[in-house]
Peer 1: 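Below is a structure I'd like to ask you about.
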Amino acid sequence: MRECFEVRDTDAGGRIGELTVPRADVTVETPALLPVINPNLDTIAPRRLATEFGAEILITNSYIIHETEDVRDRALEDGLHDLLEFPGAIMTDSGSFQLSEYGDIDVTTEEILEFQHAIGSDIATPVDIPTPPDVDRERAEAELETTRERLELAEAVETGEMLVSAPVQGSTYPDLREAAGRHADSTSLDVFPVGAVVPLMNDYRYDDMIDVVAAAKRGLGADAPVHLFGAGHPMMFALATAMGCDLFDSAAYALYARDDRYLTVRGTRHLDDLDYLPCSCPVCTEHSPDDLRALPDDERESELGAHNLHVTFEEIRRIKQAIRAGNLLELVEQRARAHPTMLDGYRTLLDHAAQLERSDPVSKGSFFYTSSESARRPEVVRHHRRLERLAVPDSLLVTEGSPARGDEFDESWRVEPPFGPFPRSLSKSYPLTAEVPDRTDRAALEAAADGVARLAAANPDADITLGHRGWPDGVLERVADAVDVFDLTDG
Ligand SMILES: [Zn+2]
């Protein structure tokens, strides 16, 4: 059991957890957002992040501090907490990003870890190699080997109470990401960033991002706190949380503000294109778009940065509440509708439904079937697996609606899209209490037919008959030949 992280609540792959940061003497509730602070220019003062936005943790770049003489001297003399005037936990990055951008940096893992320790960082980062997506396999393997060596060097550095992160690389090769996760998990290091995903997000490749995270998670195991490194747009937080990410860092709030870009959970808008401000944060209630446009550059940047942060923290709170209420996937479905690439991300998430099912609670408040994707949710996967373990009589009717012709069989079970068959005694248990639209879609019928087929395959000696309400032939083809079928709407 990893001592610094405890999972309190789960929904799909998402979790509410507690990250204990001993050197800062604080406990950070996850999912958490780490605003990125550039030590040379702060759009929003770190103290304000804590008091006004409730930030419990932030991230800054130790390499920039190391390379900026006056900041370095002040950091070594006063410590990061005094330098930034921030009371929460402070994580530091190592310069790996600079390495990936400029190809070279002039510190070693030992030097930068010792430096991070010396300036009072609470969570430090070694110099890993952020391998970009789509490189050839030889390069991905070779760079991963270097990252492994760096993690082993990091384990040997005397870091006291400071937590140290173990980045998971491996480009877009799921097997390499999984192996990297397994290796990182086997070290004594504490926090696990999934690295080099920024190029995927910049290209809206949320499907590939989910595959990469899912692979890293398979290697890491359930008790590892996972940081999606460089993920700062609130639009994708719910999706990434549902796949099991616990920490996000946002430079986006400041970078976007600098370009007059206004964040929303449905995407980014340019201030010039806004006639209204669709937000109730203090910035948006006190200003009209014209007011904001009329402000001097630095004030406009600061106000937009504040709005961007409000939206970002609000989404984190909404996600936590959704996990607590057990409706995180309903939130992901809503977010997936904001952009076709987000929908690809959600559909890819559901490719991993069996993986998500392991942490998905057996019982929740409600299951709302709100899109054809709902038919592939972990609850449906779990029910279909459960069908193989249910005791079936010699002759069984599974039927929609009331048990017409029920007296011709030993037993009569219900059939409900998208789950398929189940004994009537389970009618009141989750997820079979799901709210499904009366105008059922084809995906729900197909999933129900697959459930019937699964039951028949698990009980080859039973006589199973399906009563359905006008299922199309294409759906009925999914039900095994061994099942007798009749249409309740006939005659
Ligand atoms: Zn606002």
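Counting convention: from 1, in listed order, for ligands and their atoms alike. As the structure is a prediction and not an experimental result, all values here were calculated from the model.
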Peer 1: With 2.8 Å as the threshold, which protein atoms of type N, O or S lie near the Zn ion (ligand 1)? Leave waters out.
Peer 2: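 Those protein N, O or S atoms (cut-off: under 2.8 Å from the Zn ion (ligand 1)) are C279 SG, C281 SG, C284 SG, H307 ND1.
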Peer 1: Before we go on, tell me: are the rings of F313 and Y253 under 6.0 Å apart, centre to centre?
Peer 2: no
Peer 1: Just grab all the salt bridge (Lys or Arg N to Asp or Glu O under 4.0 Å) pairs involving residues 370-383, residues at least two apart or on different chains.
Peer 2: E330-R377, R337-E373, R347-E373, D351-R376, E357-R382, K364-E379, R377-E379
Peer 1: Check E52 with R47, please: is the shortest side-chain N to carboxylate O separation under 4.0 Å?
Peer 2: no
Peer 1: Restricting to side chain to side chain donor-acceptor pair (under 3.5 Å), what partner residues turn up for S188, sequence neighbours left out?
Peer 2: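 In terms of side chain to side chain donor-acceptor pair (under 3.5 Å), with neighbours along the sequence ignored, S188 is linked to E155.
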Peer 1: For D82, enumerate each residue passing the salt bridge (Lys or Arg N to Asp or Glu O under 4.0 Å) test, keeping only those at least two apart in sequence or located in another chain.
Peer 2: none
Peer 1: Is a salt bridge present between E315 and R317, judged by a nitrogen-to-oxygen distance below 4.0 Å?
Peer 2: no
